[in-house]
Amino acid sequence: MGTTLGALQSRLARGERLLPGYLVVGTKRGGSTSLAEWITLHPQVGESRSGKGTHYFDVNFERGFRWYTAQFPKVEDGFSVVGESSPYYMFHPLSPQRIRAALPGVKIVMCLRDPIARAWSHHAYEVARGHEDESFERALDLEESRLAGEEARIVADPKYAADHWRYHAYLRRGHYAEQLHTFHQLFSPDQVLVVQSESLFADPHGQMDRVFAFLGLAPHRCEQLEARNANKPYGEMTRETFARLVDYYTPLNHQLYAMPGIEFAWPYDR
């Protein structure tokens, strides 16, 4: 894309690193880990030294851009594109602006899961990791008080740990339209792709065809991909809690469905 042979040779001689051409920004417990891994199965995609992601634009920003660029392959390694993934990039209040300032041409990929199933899975994940002692229903009741003032504290002090915001936003992380709108304000529409998590696992080859085309890569069929259907996505959730969450998310989901690039709906909204 406009790089002359001489300029490329100069970059090779200096051992320059490739900058990320894509970021998988979320959502947490939404399939972003699988999506990020499947992208790197393409032979023209290089991986970061940090594995799935660096968390640079959320919790490691103080390490500096030089540290960040050192996490990626060198130009002479021959990859067409490199990237990384962090499901916190989509939700951290400072990440989108940081990404836009550092990588204005980057392509943004979001993997969105039914927010009710996502919230249930998120809670189980934090319980298993020792970040949550409350039941799911009690955690939902506590969320508003737990998150009160957290976003403002992060903005005021980027080093603030914000454990409640990171670990206990079971409902708030499912406000997809709000988060997608933020990225639409910062990046052009052709830089943002939304993948429905359920479609990704039901038809991995078809969805990865979309992703590779979005990244400007040649088609590539990965034998390692396996279609998987979610097993009991709502776990042992009571009918009352499920109904509560349907009422909560239905208006938020319809805001999402009205946005550009969204061509899906979750079953309880159809």
Side-chain angles (χ1 to χ4, degrees), residues 24-32 34-35 87-93 95-96 108-127 132 134-148 150-151 164-186 189 192-203 206-207 210 228-270:
V24 179
V25 301
T27 184
K28 186 178 183 68
R29 308 304 296 166
S32 62
S34 294
L35 177 57
Y88 198 25
Y89 286 169
M90 185 170 166
F91 190 63
H92 191 283
S95 287
I108 303 296
V109 184
M110 296 180 178
C111 192
L112 302 185
R113 182 184 184 184
D114 165 6
I116 299 178
R118 194 222 66 80
W120 177 267
S121 178
H122 184 182
H123 176 266
Y125 180 80
E126 301 302 353
V127 169
E132 180 61 85
E134 304 288 352
S135 70
F136 183 58
E137 288 75 12
R138 178 60 177 158
L140 297 181
D141 293 339
L142 288 172
E143 182 166 329
E144 184 176 357
S145 61
R146 280 174 160 180
L147 300 191
E150 288 287 273
E151 186 172 11
H164 283 317
W165 187 262
R166 186 172 184 180
Y167 302 129
H168 301 145
Y170 308 115
L171 294 169
R172 184 69 181 273
R173 287 235 193 186
H175 292 205
Y176 299 145
E178 174 186 336
Q179 296 162 55
L180 179 56
H181 177 68
T182 296
F183 280 91
H184 279 172
Q185 288 184 308
L186 296 169
V192 181
L193 176 70
V194 177
V195 177
Q196 185 194 28
S197 177
E198 291 82 1
S199 295
L200 177 68
F201 292 117
D203 180 21
Q207 291 301 309
R210 291 181 62 221
R228 301 201 303 270
N229 292 318
N231 181 27
K232 298 181 69 176
Y234 308 120
E236 303 299 327
M237 191 184 304
T238 67
R239 292 183 179 180
E240 293 77 13
T241 299
F242 181 75
R244 168 187 177 181
L245 292 177
V246 168
D247 288 343
Y248 181 88
Y249 278 118
T250 293
L252 297 172
N253 289 346
H254 281 279
Q255 292 176 20
L256 175 69
Y257 303 151
M259 299 183 74
I262 305 299
E263 299 177 354
F264 58 83
W266 287 290
Y268 50 85
D269 286 326
R270 293 172 184 163

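Taking NE2 of H122 as the reference point, atom CZ of F136 lies at 10.5 Å (rounded to 0.5 Å). Distance CE/M110 to CG/L35: 12.5 Å, rounded to 0.5 Å. The CZ atom of R113 sits 4.5 Å away from atom OG of S121, with the distance rounded to the nearest 0.5 Å. In this structure, NE2 on H123 lies 11.5 Å from CZ on R138, to the nearest 0.5 angstrom. Once rounded to the nearest 0.5 Å, the distance linking NE2 of H175 with CG of L180 reads 14.5 Å. Note: I262 CD1 to Q255 CD = 12.5 Å, rounded to the nearest 0.5 Å.
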Go through the steps to decide whether Y176 and M90 satisfy the test side-chain contact (heavy atoms from CB on, under 4.5 Å), and finish with yes or no.
-> CA-CA 9 Å; Y176 299 145; M90 185 170 166; 4.1 Å; yes
Evaluation steps, ring-ring contact (aromatic ring centres under 6.0 Å, His included), between H254 and Y257 = CA-CA 5 Å; H254 281 279; Y257 303 151; 5.4 Å; yes
Do Y268 and N253 pass the side-chain contact (heavy atoms from CB on, under 4.5 Å) test, and can you show the C-alpha distance, the side-chain angles, and the key distance before you say yes or no?
-> CA-CA 10 Å; Y268 50 85; N253 289 346; 3.3 Å; yes
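The heavy-atom pair separating D114 from I116 by the smallest distance is OD1-N, 2.9 Å. Minimum interatomic distance between C111 and G30 (heavy atoms only, all atoms of both residues): SG-O, 3.3 Å. What you find for A169 and L147 is that their closest heavy atoms are CB-CD1, 3.9 Å. The two residues M237 and L245 come nearest to each other via the heavy atoms SD-CD1, 4.0 Å. Minimum interatomic distance between R118 and G174 (heavy atoms only, all atoms of both residues): NE-N, 4.3 Å. Nearest heavy-atom pair, Y170 versus A119, reported as atom, atom and distance to 0.1 Å: O-CB, 3.5 Å.
Under a 3.5 Å cut-off, the side chain of E143 and the backbone N or O of L171 do form a donor-acceptor pair. No donor-acceptor pair closer than 3.5 Å links the side chain of E126 to the backbone N or O of H168. Not one N or O on the side chain of T250 forms a donor-acceptor pair closer than 3.5 Å with the backbone of D247. Remark: the backbone N or O of K28 is not paired with any side-chain donor or acceptor of S32 at under 3.5 angstrom.
Annotation: side chain of L256 is in contact with side chain of L112 (closest heavy-atom distance under 4.5 Å). Looking only at side-chain heavy atoms (C-beta outward), Y88 and R173 come within less than 4.5 Å of each other.
No donor-acceptor contact under 3.5 angstrom links the side chains of D269 and Y249, judged on distance only. One side chain, T241 or E137, offers a donor N or O that lies under 3.5 Å from an acceptor on the other.
A243 meets the side-chain contact (heavy atoms from CB on, under 4.5 Å) test with no other residue; sequence neighbours excluded. Listed by chain and residue number, D141 satisfy the salt bridge (charged side-chain N to carboxylate O under 4.0 Å, His left out) test with R244 (two or more places apart in sequence, or in another chain).
When the shell of 6.0 Å around CD of E236 is examined, it contains 12 or fewer heavy atoms from other residues, nucleotides or ligands.
Salt bridge R172/E150: absent, no basic N to carboxylate O contact under 4.0 Å. Classification of R146 and E132 as a salt-bridged pair holds, one side-chain N sitting under 4.0 Å from a carboxylate O.
Applying the ring-ring contact (aromatic ring centres under 6.0 Å, His included) test between Y234 and each of W120, W266, F242 identifies F242 as the sole match.
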